[in-house]
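The figures here come from the full heavy-atom set of this structure, side chains too, leaving out hydrogens, waters and symmetry mates. Whatever order the structure lists them in is the order used to number ligands and atoms, beginning at 1.
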Amino acid sequence: MELNASIKYLKGVGEKRAAMLGKLGIFTLWDLLTFYPRVYEDWSKITAIKDAPLGETVCIRAIAGMPCREHRIRKGMTLYKTEVTDGESLIDITFFNNKFAAEKIEQGKEYLFFGKITGKGYYRSMNSPEFTEFDGTERLRPIYPQTAGLNSRATEKLVKTAFEVCGKFTDPLPEDIRNSYCLMGLESALHNIHFPENEDMLSEARRRLIFEELFLLELGLMRLKTKNRRSTAFSMQKDYTSEFFNLLPFELTGAQKRAIAQASEDMMREIPMNRLLQGDVGSGKTAVSAALIYNCARNGCQSALMAPTEVLAMQHYKTLAKMFGDTDISLALLTGSTPAGEKKRIKESLKNGKIDLIIGTHALLQKDVEFSRLALAVTDEQHRFGVNQRGSLSAKGINPHTLVMSATPIPRTLALIIYGDLDLSILDELPRGRQKVETYLVNSEKRERAYGYIKKHLCAGFQGYIVCPLVAESEDSELTAATELYKNLSEEFFRGFSVGLLHGKMKPAEKKAVMDAFAKGETQLLVSTTVIEVGIDVPNAVIMVIENAERFGLSQLHQLRGRIGRGTEKSTCILISDAQNPETEQRLKIMTSTADGFKIADEDLRLRGPGDFFGSRQHGLPEMKIANMMTDGEAIRETHAAAENLLKKNPALEGGEYTDLRNAVNRLFSGGISMN
Ligand code: ADP
Ligand code: MG
């Protein structure tokens with residue numbers, strides 16, 4: 001049978017089963033062969049009957065000694081028992097109402113039985129075990145993801161049949177690569193992933209399949225990147241960025257200057273820039289993008305800056321309007337809540353080229369937002385958008401230069417994959433005078449003291465935040481928590497101070513009013529949910545108390561904490577948590593010991609797993625069948641280097657020995673991935 005033949009034609013599969021398999025994403029023979037087991041039952045570890053612990057699931061190897069006995073225990077319930085022995089002791093194998101199973105066990109034959117040991121006193125039985133005739137090999141048996149009507153054993157049987165009829169495999173990994181990385185062949189890997197000969201073979205099979213999957217992904221992404229390079233864009237005639245430096249009230253850091261120089265050089269070329277600017281919270285990404293926007297405007301082109309929330313878009317608008325105050329650069333803000341009349345005017349001026357810079361939310365992606373000369377598309381907090389959305393902003397110009405900015409709650413290895421098609425600039429230096437935010441972890445008995453500490457700072461003319469967690473059950477309760485806390489605090493502990501409230505359910509205009517008041521210093525203390533997490537910049541705010549800190553992920557705490565420590569004043573973050581769990585405590589302690597966003601992201605990944613970083617498909621990459629982009633960091637590094645090496649030698653993967661590899665890469669990306 002051809003590997004891409006429909007699964008319907010496999011022996012044992014009809015229309016009905018084909019539909020069930022379809023639910024598991026299996027449509028072809030190849031899909032079935034690459035439908036990998038989740039876990040394995042260890043049928044290789046044989047337990048002696050006399051050592052089998054009550055209540056445990058074990059594997060025993062035993063010979064059926066006596067014919068099957070029937071016990072009718074009540075109406076509709078018959079037990080079928082067969083006594084078996086491993087030569088030392090006896091045990092009953094019991095089936096309930098299943099004469100068929102019981103009679104399959106033949107006297108005098110040797111079997112492996114896998115099941116749970118039950119019994120009372122000295123009596124022992126294994127109830128409804130799985131069993132197979134012992135053929136001299138003891139194995140790891142695959143457990144597959146299941147769906148209604150199709151259990152793991154049925155799938156196992158189909159996979160066995162598939163192997164019998166499938167013919168030869170072509171291995172996409174050429175021999176030289178297999179040799180240099182000591183990888184087993186595809187055929188052997190597939191056999192061993194389903195029916196491992198032993199633990200070692202299983203782990204070699206896994207390594208090989210993970211390597212292949214990531215290698216193909218890396219190759220695909222890298223080739224996409226070079227493809228990008230062929231298209232045209234607006235190239236900047238002159239570099240005006242140093243002119244921009246004079247508009248700033250501060251001296252840029254070396255890292256900022258470096259990033260600006262790299263990007264500016266990109267933008268002078270006739271191939272579009274495709275660059276990721278990675279920098280921890282507070283590293284000054286906005287100023288970098290502003291320099292490029294300025295440069296673009298002075299070259300007679302337009303720029304767009306897209307942010308994930310209205311609050312952030314508004315803030316960028318204000319920051320940039322101030323920076324460009326003494327220039328003739330015209331800018332506008334376009335979000336979902338811009339009044340219709342104004343929206344129309346803005347869109348008109350954008351199209352006419354009267355606006356040099358448009359700042360907004362994904363409202364910018366609407367069809368009727370058109371530009372006359374869009375040359376630079378900047379996306380802030382990139383990880384909040386899918387790859388596809390980023391694409392559509394750049395689709396607005398004739399291949400504009402793109403810059404994406406991210407505060408990197410993403411481990412390095414993962415960034416390599418997700419951003420594999422981008423060039424990278426890193427802001428690894430915080431602005432001078434910036435101090436580490438002192439972070440403390442306390443329990444709620446110390447809450448009053450923490451609040452008192454805030455009060456002291458407010459009296460000294462500073463501002464602060466109190467953050468309440470998002471309560472999982474409903475958005476309403478989130479609202480209640482924040483609202484109630486706000487009410488209590490403003491009426492009692494902080495009476496006489498000016499306290500503000502910010503939460504996700506507010507209308508954008510209300511949020512703006514609250515943020516404005518806080519930015520101007522009219523509000524001293526802001527009680528907030530996590531809406532302040534992204535990008536808010538009020539340097540006079542130097543203290544933050546985070547309630548129920550255990551409910552947040554580390555990366556999220558790091559983002560939140562990044563709202564303070566933005567000026568030259570010493571800043572303090574107090575995490576309040578009553579969590580007793582030592583793991584949680586250990587996790588929160590990390591916050592008190594490091595300020596390194598990369599380190600925190602790695603810890604978060606290790607402790608909490610991948611769920612926090614992305615929704616599964618959000619990044620828009622092809623689905624992985626066996627590799628785990630969150631945990632296979634070592635393999636990602638290895639394959640990244642391997643792919644880079646190979647493409648350096650052979651950019652188009654030419655030559656017969658690479659035909660299968662080339663085809664496999666194309667297949668992987670055939671679902672269409674829009675990374676332009
Ligand atoms: P992020 O990288 O988190 O987006 P921002 O761009 O919001 O950081 O910058 C954080 C704060 O640091 C802002 O108040 C900004 O004006 C200030 N800032 C940026 N660069 C410098 C610098 N080189 N020196 C001093 N302050 C700076
Ligand atoms: Mg920012």
(request) Enumerate the atoms of ligand 1 whose separation from the nearest heavy atom of Pro431 is less than 4.0 angstrom. (result) 20 (N), 21 (C), 22 (C), 24 (N), 25 (C), 26 (N), 27 (C)
(request) Could you list which atoms of ligand 1 come closer than 4.0 Å to a heavy atom of Thr253? (result) 23 (N)
(request) Please determine if Gly284 has a nitrogen or oxygen closer than 3.5 Å to a nitrogen or oxygen of ligand 1. (result) yes
(request) To the nearest 0.5 Å, tell me how far Ile293 CD1 sits from Gln302 CD. (result) 12.5 Å
(request) Could you list which atoms of ligand 1 come closer than 4.0 Å to a heavy atom of Thr286? (result) 4 (O), 5 (P), 6 (O), 7 (O)
(request) Would you mind running through ligand 1 and noting each atom that sits below 4.0 Å from a heavy atom of Ser283? (result) 2 (O), 8 (O)
(request) Before accepting this row, confirm whether a basic side-chain N of the pair Arg637/Glu634 lies closer than 4.0 Å to the acidic partner's carboxylate O. (result) yes
(message) Regarding atom 7 (O) of ligand 1: of the candidates Arg566, His316, Gln315, which has the closest heavy atom?
(response) Arg566
(request) Go through ligand 1 atom by atom and flag the ones less than 4.0 Å from a non-hydrogen atom of Leu252. (result) 23 (N)
(request) Output the list of atoms in ligand 1 that are nearer than 4.0 Å to some heavy atom of Glu251, sorted by atom number. (result) 22 (C), 23 (N), 24 (N)
(message) Between Asp356 and Arg298, does any side-chain N to carboxylate O distance fall below 4.0 Å?
(response) no
(message) I'd like to know if Gly279 contacts ligand 1, where contact means a heavy-atom distance under 4.0 Å to any ligand atom.
(response) no
(message) One thing to verify: whether Glu585 and Lys589 come together as a salt bridge, which I'm taking to mean a side-chain N less than 4.0 angstrom from a carboxylate O.
(response) yes
(request) For the residue pair Lys347 and Val369, establish whether any side-chain heavy-atom pair is separated by less than 4.5 Å. (result) yes
(request) May I ask you to check whether Pro539 has an N/O atom sitting below 3.5 Å from an N/O atom of ligand 1? (result) no
(message) Looking at Arg275 and Asp266, is there a salt bridge between them, counting it only when a charged N and a carboxylate O are closer than 4.0 Å?
(response) yes
(message) Between the side chains of Glu547 and Arg551, is the shortest nitrogen-to-carboxylate-oxygen separation below 4.0 Å, so that they form an ion pair?
(response) no
